[in-house]
Amino acid sequence: MSEENSATRSNFITDIIDEHLENGRFDHVHTRFPPEPNGYLHIGHAKSICLNFGIAEAYGGKTNLRFDDTNPTKEEVEYVESIQEDIRWLGFDWEDRLFFASDYFDAFYEYAIQLIKQDAAYVCDLSADELRQYRGTLTEPGKNSPYRDRSVEENLDLFERMKNGEFPDGSKTLRARIDMSSPNLNMRDPVLYRILHADHHNTGDKWCIYPMYDYAHGLSDSLEHITHSICTLEFEDHRPLYDWILDQLDVFHPQQIEFARLNLTHTVMSKRKLLQLVREGFVSGWDDPRMPTLSGMRRRGYTPQAIRNFVDVVGVSKANSIVDVELLEHVLRDDLNERARRVMAVLEPLRVIIDNYPEEQEEAFEIPYFPYQDDSPIRQVPFSKEIFIERTDFMEDPPKKFYRLAPGREVRLMNAYYITCTEVVKDDDGNVVELHAEYDPESRGGMSPDGRKVRGTLHWVSARHALSAELRLYDYLFSKADPYEVPEGGDFTDNVNPESLQVLSDAKLEPSLKEAGVYEPFQFMRQGYFCADADSAPGALIFNRTISLVDTWAKMQRGN
RNA sequence: UGGGGCAUGGUGCAAUGGCAGCACAGCGGACUUUGAAUCCGUUGAUCCAGGUUCGAAUCCUGGUGCCCCGGCCA
């Protein structure tokens, strides 16, 4: 849709880049998206992906995909695969530039030796607990480690033996020698390497020492000649360390730039919390359509374009903010409105018998998939004596302004005929079980020659031709805008919306939907956008409601 | 006086010393073979106090509020 996106439109990041290009610090732009393969990507990551790929593209540059896989205890191949699938689905291409931090383990090791030789790093024997003690607090300086002044030779020897596996996990670390009294805790001799006798998804058992994020990330950026390393706000405090390492080693020096991560109302966005929802069974998996994961949204029926448009429209800044999920929904509807074929489906069927329509008669209406498009493709929709209409489209005793079907009232069956309700059939409990009606043969196609107006237009499905289907209707996963708003001692899971999933087991669809492909967007007219679920099968159709249509009538009722 | 960062309608983002604007939401109306979409109209904001300036959302000073940092996680 829009030619402009958040990357081409100026923002504080492009301002910085423009300055670099102008003052000659860089003459091109090269970014990277650096996920840790320890979970599935979510809409928050999409913001980072769109920013990194979008900005590079806007400047004619490139973007690398690099897995930040420096902690083998948390990372799995399952995730490196899903992450690639999700990025591709979003429509971005890293071409031949797929990298892993683990590709650089040898280089990292050599750089560490260089730091030791420069007296800028040392092997420390403090335990994790002791290290914490020595670090000091937010307001008090730390103390130097007793191992801080080991000789270069001893450090070299110890570090090599760490690598060789001579020491148990946690017994030693390699630390940067910076300043234990720095007001920035990240500069108080941060750990560069820790001992971890763990198998790595890429390097197997080759290593038993693994680099820490701060050490590996900047060096990975440098090795790949990344010019602008875009990350989230919480790394702002780490930038001095990022810079320190690259300065010490005197290598290519990218610029780290931090932006505010995306937050949405009615959802949680931390991998840890999402994992908890999966593990504790609040959702069916990472790709549950209620999840903010890209795989969940894909299954729900989101299009990549809707997500990209959303990222564009929320913009980028350094201010912590929470975007109203209604904006996401607006952008989704906007995109689906353009691409979804219009079909008829009845969610909660109510049978209508058209008494003056011949029993054995059938006819097929040719109805365009896109009613407002001149060259729209069409499909055949069968009509017969018995049809289903939406239960909510009939009221025996309608309030003012309800202009759907009611006793004695005439409405239009979309693209078919006018019908008038002649009789209401109820069961012993007084529930309406079916309706009788008469149609006007003159109104074929939904128009009468005398030009009389009917206020209501209803969707319908021929009973004898209808396809039965299961429909899954979704609502917000959390009832509260802020899921973390819980009473003392509560947990965010207390706010899980008990009605976030509603299953309609006997919806009636027009026959053309038999061919619906998975994820292919349809508008069930007057209801919402739907797509076939991955689990849908010819004899057992399942559709997910991606998003309902804006419902002004429902809003009016709520307001009253 | 630990350090770092951020404050613009209800929400998100612009305005880079010169008329505070856009989108969503809200409200009102038009149109309608989708109570959708579309179209028209409309309510509503610069955290506070000083200062500089012809002129301040923007610059300066001092406050206030919120977020992040004490993993051998990223």
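Predicted model only: the values in this text are computed from it and were never measured. Order of the sequence lines sets the chain letters (A, B, ...), proteins ahead of strands, with each chain counted from 1.
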With no angle test and no hydrogens, is the base of [N] tied to the side chain of [X] by a donor-acceptor pair under 3.5 Å?
{"X": "A:Asp551", "N": "B:G35", "answer": "no"}
{"X": "A:Gln527", "N": "B:U34", "answer": "no"}
{"X": "A:Tyr372", "N": "B:A36", "answer": "yes"}
{"X": "A:Arg132", "N": "B:G71", "answer": "no"}

Checking contacts here: which listed nucleotide ([options]) is nearest the side-chain heavy atoms of [X]?
{"X": "A:Ser317", "options": "B:A37, B:G4, B:C13", "result": "B:C13"}
{"X": "A:Thr70", "options": "B:A74, B:U34, B:C72", "result": "B:A74"}
{"X": "A:Arg135", "options": "B:C72, B:A74, B:U34", "result": "B:C72"}
{"X": "A:Asp237", "options": "B:C73, B:U11, B:C69", "result": "B:C69"}
{"X": "A:Met525", "options": "B:C24, B:C73, B:U34", "result": "B:U34"}
{"X": "A:Gln523", "options": "B:U34, B:G5, B:A7", "result": "B:U34"}
{"X": "A:Glu326", "options": "B:A37, B:A25, B:A74", "result": "B:A25"}
{"X": "A:Thr139", "options": "B:U16, B:G2, B:U34", "result": "B:G2"}
{"X": "A:Ser10", "options": "B:A25, B:U16, B:G70", "result": "B:U16"}

For B:G35, is there a stacking contact with A:Tyr403, counting only centres under 5.5 Å and planes under 30°? yes
Can A:Trp553 be said to stack with the base of B:G35, given centres closer than 5.5 angstrom and planes under 30 degrees apart? yes
Please work out which of the three classes, parallel, tilted or perpendicular, describes the rings of A:Tyr439 and A:Tyr417, given edges at 30° and 60°. perpendicular
From A:Thr203, A:Asp68, A:Asp69, residue fulfilling side chain to side chain donor-acceptor pair (under 3.5 Å) relative to A:Ser102: A:Asp69
Rounding to the closest angstrom, what is the interatomic distance between [N] and [M] at atom [atom1]?
{"N": "B:A56", "M": "B:G50", "atom1": "C1'", "value": "14 Å"}
{"N": "B:C59", "M": "B:G21", "atom1": "C1'", "value": "22 Å"}
{"N": "B:G70", "M": "B:A20", "atom1": "P", "value": "44 Å"}

Strictly under 6.0 Å, is that where the ring centroids of [X] and [Y] end up?
{"X": "A:Phe524", "Y": "A:Phe530", "result": "yes"}
{"X": "A:Tyr369", "Y": "A:Phe522", "result": "no"}
{"X": "A:His217", "Y": "A:Tyr213", "result": "yes"}

Considering every strand and a 4.0 Å limit on heavy-atom distances, what is the contact class for A:Phe67: base, sugar-phosphate, or nothing? nothing
